[in-house]
There are 2 protein chains.
Amino acid sequence: MAAEQKPPGDARAKRAVGRPRRLDPETIVATARRIIEEEGVAALSMRRVAREVGVTPMALYHHVRDKDELLMLTLSGTAATFPRPELPADPRERLIDVSVHMHQVLEQLPWVLEILALGDLTDKGALWMVEEILASSIACGLSPEQAVRAYRTIWHFVYGNLVFTAAMARRAAEPERQWNFPTMLTDEDAAQLPRLTELASRWDKVGEYDIREQLAAIIDGLLSRAERPQPGGGSTSQPVD
Amino acid sequence: MAAEQKPPGDARAKRAVGRPRRLDPETIVATARRIIEEEGVAALSMRRVAREVGVTPMALYHHVRDKDELLMLTLSGTAATFPRPELPADPRERLIDVSVHMHQVLEQLPWVLEILALGDLTDKGALWMVEEILASSIACGLSPEQAVRAYRTIWHFVYGNLVFTAAMARRAAEPERQWNFPTMLTDEDAAQLPRLTELASRWDKVGEYDIREQLAAIIDGLLSRAERPQPGGGSTSQPVD
DNA sequence: ACCTGAACACCGTTCAAGT
DNA sequence: ACCTGAACACCGTTCAAGT
C-alpha cells in the first residue's frame, strides 16, 4: 500500500513530473487534439486516446461523459492561437473584415468544422468575432434582432462554403471518383438544362471565387434591410450601378 | 447437391419473384436508403445492409466499390419525389422561390445533408434547380461567371443553415448538454462582449428567422453586383424599407 | 475516487476459396 | 461472375470488480 507512488515506466506518454494524479483531463484533450490535428476527426477514438495516454479505454469515461464531449473539449483554446486582427473604423468594412477573418481562421483548422456541426460553440476565445459582427451590424443600422439574424446568415454561409471547399479539394485528390454532373449529361438533359450545359465544361474554374467579394455582397444585402440606414452602412448608398 | 434451386425461406427480405440473380444493385441501394431514412446515416453499415438483404457482407462489394459509393447511390432519385413548383415570371422572384424550394426539400430530407457533404451531386433530378438559379441570375443581369458564383453562395448558405438548424433541434432534444455561451459568461467576458451579453438571454428566440427573408437579402446583395442591371433585378429598385 | 478486465454488440475491408 | 467463410484490425460503451 506504500507503493502508491506509481512506478515511472510502462506508459510511453511523457507526462509532467511529480504529478500525483495518474490521469488528468488536460492530457486527455491534448492527446485527442493532437490526433485530430495530425490525422483528422475520423482517426480519433476513445481506445486510441487511451492507448496513447497509457491507460485503459474505460479510464477516460471518468473524466469525459462520452466521445462527443471529448470532441467539444478539443475546440476550446483554438481561437486564441490566431492573432486578433486590426479592424477598420467603418462598420461595414469592419463587418466584412471580421467575416473574412472568421473564414480564414477556420480554413486553417479544417478539423474544427466537423465538430462545430455538433452544434455548440465551445471556444470562448471565438466570441469576440460574434460580438464584432453584432456591434458592427447594429452600427450599420440593423436592429439587435436583425443583427442576430445577420450573424447567423453570415456564419451559415461561411460554414457551408468551407465544407464544400474542403469537399472539392478532397475530390480533386481522388480523381477516379469523378462522377459529378459534367460527366453524363444526355442530349435530352442538355436541352432541358441549357445554361448548365453551357457552363459545365468550365464549371470548376468559373466557380472559384474570392470569398471577400461574396461576403461583401451578402453583407450589403443584409444591410439593405436596415430600418435606420447609416452613412457608410448600406450598399444602396454606394453608387453600385 | 441437386438442391441448388435455392429454397425460398431463410432470407427475410421479400424480393421480386422469378429474378434469376440473387442480388442486384437496386435492392442494395433501396435497402440502404430505407435504413437511412428510418434511422439516419449513422445506422447504415455494410453489414446491416447485407444482413437485411440476406447475403454476406462481402457480396455487396461486387456491386459497389465501398460504403461511400453506396451512400452516393442512395441519393439518386430523391429529388424527383418532390413536385416541381410553379415559379413566378419575374427573375428575381424566381431566384428567391427556387432557393426557398431547395431549402424546403432538403429540410424534409435531413439524411441527405450528410451525404452531400461528401462533395458530389449525384441526383440528376435536382439539376433543374441549379439551371433555374443560373438562368434567373443571368436574366437579372449577372454574367455567367457571376451566376455560377451566385449559385455557389446560395447553396453554401442553404446547406449551412440546414446543418445548424438540425443541430439546434438535436440540442433542444437533449437539454442536459446545454453548455452554449449563455451559460458561463464571467463578468469580465460580459464587459468585453456587451452586445452578446445583452442578447444572450433571448438568443435562441431572436435567432429564429424566416429563411425566405434571409435568402432574399442575400440574393439582393448578389444581384447588386450585376454589370447590366435589369428592371426587376436589383433590390435597390424596390422600395425595401 | 479512480482505474482495470472482461464482455457485448458492433464496424469496413482483404484475401483465398468455392460454385 | 458472383458469392461465402474466415480473418484482420478495429469501434463505443456497460458492468462488476479491484485498490
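Sequence lines set the chain letters: A, B, ... in the order given, protein chains first and strands last, and positions in each chain run from 1. All of these numbers come straight from a predicted model, not from anything done at the bench.
- The shortest distance between the side-chain N/O atoms of A:Thr56 and the OP1/OP2 oxygens of C:dC3 is not below 4.0 Å.
- A distance of 9.5 Å separates CG of B:Leu116 from CG of B:Asp123, quoted to the nearest 0.5 Å.
- Side-chain N/O atoms of A:His62 and base N/O atoms of C:dC2 include no donor-acceptor pair closer than 3.5 Å.
- None of B:Asp68, B:Ile115, B:Val29, B:Ile28 except one satisfies the side-chain contact (heavy atoms from CB on, under 4.5 Å) rule with B:Leu73; the exception is B:Val29.
- Here the P atom of nucleotide C:dG12 and the NE2 atom of B:His63 are 18 Å apart, to the nearest Å.
- Atom CG of B:Leu60 and atom P of C:dC11 are 12 Å apart (whole Å).
- If you measure from atom CD1 of B:Ile28 to atom P of D:dC3, you get 8 Å, rounded to the nearest angstrom.
- Taking atom C1' in both D:dA9 and C:dC10, the straight-line distance is 14 Å, to the nearest Å.
- Separating the CZ atom of A:Arg51 from the C1' atom of D:dC11 is a distance of 11 Å, rounded to the nearest angstrom.
- Atoms CD (A:Glu69) and P (D:dG12) sit 15 Å apart, rounded to a whole Å.
- The residue from A:Tyr151, A:Phe157, A:Tyr159 that alone fulfils the ring pair (Phe, Tyr, Trp, His ring centres under 6.0 Å) condition with B:Phe164 is A:Tyr159.
- Counting non-hydrogen atoms of neighbouring residues, nucleotides and ligands closer than 6.0 angstrom, the CG atom of A:Asp210 exceeds 12 such neighbours.
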Output, in order, the C-alpha distance, side-chain angles, deciding distance and verdict of side-chain contact (heavy atoms from CB on, under 4.5 Å) for B:Glu131 and A:Gln192. CA-CA 9 Å; B:Glu131 172 71 19; A:Gln192 300 279 12; over 6 Å; no
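- Helical stems of DNA chain C (runs of at least 3 Watson-Crick or G-U pairs, donor-acceptor distances under 3.5 Å) are listed by first residue: C:4-8 with D:12-16, C:12-16 with D:4-8.
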Produce the list of close N/O pairs, under 3.5 Å, pairing protein atoms with atoms of nucleotides 13-15 of chain D; give distances to one decimal.
unit_1	atom_1	unit_2	atom_2	d
D:dT13	OP2	A:Tyr61	OH	2.7
D:dT13	OP2	A:Lys67	N	3.3

Show the atom names and distances, to 0.1 Å, of all donor-acceptor pairs under 3.5 Å that link a side chain in residues 40-48 of chain A to residues at least two apart or in another chain.
unit_1	atom_1	unit_2	atom_2	d
A:Ser45	OG	A:Arg48	N	2.9
A:Arg48	NE	A:Glu52	OE2	2.6
A:Arg48	NH1	A:Glu39	OE1	3.4
A:Arg48	NH2	A:Glu39	OE2	2.7
A:Arg48	NH2	A:Glu52	OE2	3.0

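- For the pair B:Glu198 and B:Arg195, the salt-bridge criterion is met [side-chain N within less than 4.0 Å of a carboxylate O].
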